[in-house]
There are 2 protein chains.
Amino acid sequence: MNGARETGRRSGTSRGRIDKRRSILAAAFRIFARDGYGQSCVREIAAEAGVAKPTVYNHLGDKETLFREAMQEAVERTTADALTAFEGLREPGDGTAAALEEAGHRLLRGHCGAESRALRGLLHAEAGHFPDLVEELQRNGARRVHDALADRLARLALGGRLDISDPDRAAEQFLALLTGPMELRSGLGTREVPDAELHSVARAATDTFLSAYAAPATA
Amino acid sequence: MNGARETGRRSGTSRGRIDKRRSILAAAFRIFARDGYGQSCVREIAAEAGVAKPTVYNHLGDKETLFREAMQEAVERTTADALTAFEGLREPGDGTAAALEEAGHRLLRGHCGAESRALRGLLHAEAGHFPDLVEELQRNGARRVHDALADRLARLALGGRLDISDPDRAAEQFLALLTGPMELRSGLGTREVPDAELHSVARAATDTFLSAYAAPATA
DNA sequence: CCCGAGCTGAACCGTGCGGTTCAAAAGAAC
DNA sequence: GTTCTTTTGAACCGCACGGTTCAGCTCGGG
């Protein structure tokens with residue numbers, strides 16, 4: 001319905017005028033994350049956004065599209081953040097192991113963050129009702145993280161620092177070793193996990209990962 | 001309210017008389033799994049169970065307790081099933097690697113089964129609303145699976161077939177290597193995963209696991 | 001200065017929910 | 001057969017929801 005409607009408006013604060021849309025989507029995600037899709041009501045989302053209810057329906061016609069849009073935005077944010085975790089893997093001067101552990105820890109920090117947890121929870125919850133959304137969000141989220149890591153690992157293998165024949169498999173396993181243990185440890189996001197524990201998991205993951213993929217000769 | 005009410009009744013078929021409760025709980029789980037907690041209505045659960053709505057409220061007073069009870073029962077079923085996957089690890093005659101891969105594959109089969117997927121999805125979805133339920137269900141489910149595997153691994157280590165100093169860590173990582181990759185591959189349960197892929201993941205997990213924990217001398 | 005687009009708040013509609021009530025029916029126990 | 005418990009269907013209550021309407025206000029552009 002809208003789409004090409006809001007063109008070059010800039011008013012900065014988002015308080016007085018435009019950027020309603022952003023604030024609505026942010027509020028929507030917050031409420032959806034707190035109450036779930038079914039239990040959330042648009043009334044409350046509008047209130048959280050500091051906006052009248054019809055305004056919500058003006059910008060996004062439907063509760064469903066509101067949900068989809070809010071999820072898209074959230075996955076964009078968290079993915080961008082997660083991708084920064086792999087920066088240290090471009091040129092690991094201080095040793096491959098340390099760089100992997102550092103990257104793993106940074107990834108875990110994001111993974112256990114509030115927004116990321118809420119996003120996974122919501123997606124998991126409504127996966128059955130919006131299969132296409134799952135598909136798209138995984139393509140724009142987890143898939144990109146996986147690919148980025150696989151790229152880095154392939155580079156490291158090419159540089160002789162790792163012995164990897166299948167970078168996709170290696171990336172998949174490293175990610176599994178990192179995030180897999182958090183499900184139980186964090187009680188599906190119920191319990192807060194202390195940073196020391198994150199370090200410990202990242203360390204263990206790196207150790208096991210390197211047992212399988214360390215280069216035969218470190219030169 | 002009830003509890004010690006239904007004593008030694010047995011009528012067998014569950015069609016004519018008692019066992020309403022079981023059938024209600026089973027139907028409840030089916031509906032909850034299909035629609036989510038918020039979107040499910042007790043009316044439909046009663047219909048699915050072939051029972052009048054007041055009967056549901058007679059047996060389980062509340063929609064919430066209905067949910068909790070149904071989840072408890074489901075976790076009991078799936079956990080019992082998962083635990084059987086580790087039977088082959090008691091006396092792995094045909095080699096530790098093959099036994100691990102077999103156990104991993106059987107675990108994955110269950111993990112990707114409809115009931116198990118639905119259970120995880122529901123729990124993930126409502127984790128925020130029922131933190132105590134998460135705690136209890138993990139204790140009765142995932143935790144028991146983890147412990148059972150850790151026990152088997154410790155035995156194998158004691159028998160000199162594995163080199164494991166921390167069985168809990170080893171179990172955690174093996175489970176992570178198995179189930180971690182399925183999240184993306186199955187699209188959170190949206191896509192069906194062919195059995196060949198399950199075998200492949202189990203194989204890869206076993207390989208990497210053994211790289212880290214294989215005994216130095218196989219005798 | 002006015003104009004028009006967008007925002008507001010409040011009321012409104014139809015619907016479906018959780019949960020209850022009640023009178024009638026169906027079994028089980030004796 | 002009689003009695004006591006349980007189940008049944010249907011109606012009912014209060015409520016909150018998604019979504020719409022509308023008259024009035026605000027504010028930027030001219």
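Values reported hereafter were calculated over all heavy atoms of this structure, with side chains retained and with hydrogens, waters and symmetry mates removed. The sequence lines fix the lettering, A, B, ..., with proteins before strands; numbering per chain opens at 1.
- Out of dT8(D), dG18(C), dT8(C), the shortest distance to the side chain of Y57(B) is found at dG18(C).
- The nucleotide whose nearest atom lies closest to any side-chain atom of N58(B) is, among dT8(C), dT7(D), dG18(D), dT7(D).
- Proximity of a side-chain donor or acceptor of R143(A) to a complementary backbone N or O of Q138(A) within less than 3.5 Å is not detected.
- Salt-bridge formation is not detected for the pair R68(A)/E136(A): no Lys NZ or Arg NE/NH1/NH2 atom is positioned less than 4.0 Å from an Asp or Glu carboxylate oxygen.
- Here the P atom of nucleotide dC17(D) and the CG atom of D62(A) are 17 Å apart, to the nearest Å.
- In this structure, the CG atom of D35(B) is 14 Å from the C1' atom of dG16(C), given to the nearest Å.
- Closest-nucleotide positions on DNA chain D for P54(A) and S40(A) were compared, and the one nearer the 5' end corresponds to S40(A).
- A side-chain donor-acceptor contact under 3.5 Å links R144(A) to the backbone of N140(A).
- Counting to the nearest Å, the C1' atom of dG19(D) and the CD1 atom of I45(A) are 14 Å from each other.
- Whole-Å rounding puts the K63(A) NZ to dC17(D) P distance at 9 Å.
- At dG6(C), none of the side-chain N or O atoms of H59(A) fall inside 4.0 Å of OP1 or OP2 (strictly under the cut-off).
- A donor-acceptor pair is defined here as one N or O able to donate and one able to accept, closer than 3.5 Å; such a pair exists between the side chain of R120(A) and the backbone of H111(A).
- Checking the phosphate oxygens (OP1, OP2) of dT8(C), a side-chain nitrogen or oxygen of T55(A) falls inside 4.0 Å.
- Each of V51(A) and R43(A) was matched to the nucleotide of DNA chain C holding its nearest heavy atom; the match closer to the 5' end belongs to V51(A).
- Here the side chain of Q173(B) pairs a donor or acceptor atom with the backbone of A204(A) at under 3.5 angstrom.
- For the pair E44(B) CD and dG16(C) P, the interatomic distance rounds to 12 Å; values are reported in whole Å.
- What separates CG of L66(A) from C1' of dC17(D) is a distance of 15 Å, to the nearest Å.
- The distance from atom CZ of F32(B) to atom C1' of dG18(C) is 12 Å, rounded to the nearest whole Å.
- Distance from the side chain of V42(B) is smallest to dG18(C) among dC17(D), dC7(C), dG18(C).
- Backbone-only engagement by G50(A) is indicated by non-hydrogen atom pairs under 4.0 Å involving sugar-phosphate atoms exclusively.
- At the phosphate of dT21(D), neither OP1 nor OP2 sits under 4.0 Å from any side-chain N or O atom of K53(A).
- Between the CZ atom of F67(A) and the P atom of dG18(D) there is a distance of 13 Å, rounded to whole Å.
- The phosphate of dA5(C) (OP1 or OP2) has no side-chain N or O of K20(A) nearer than 4.0 angstrom.
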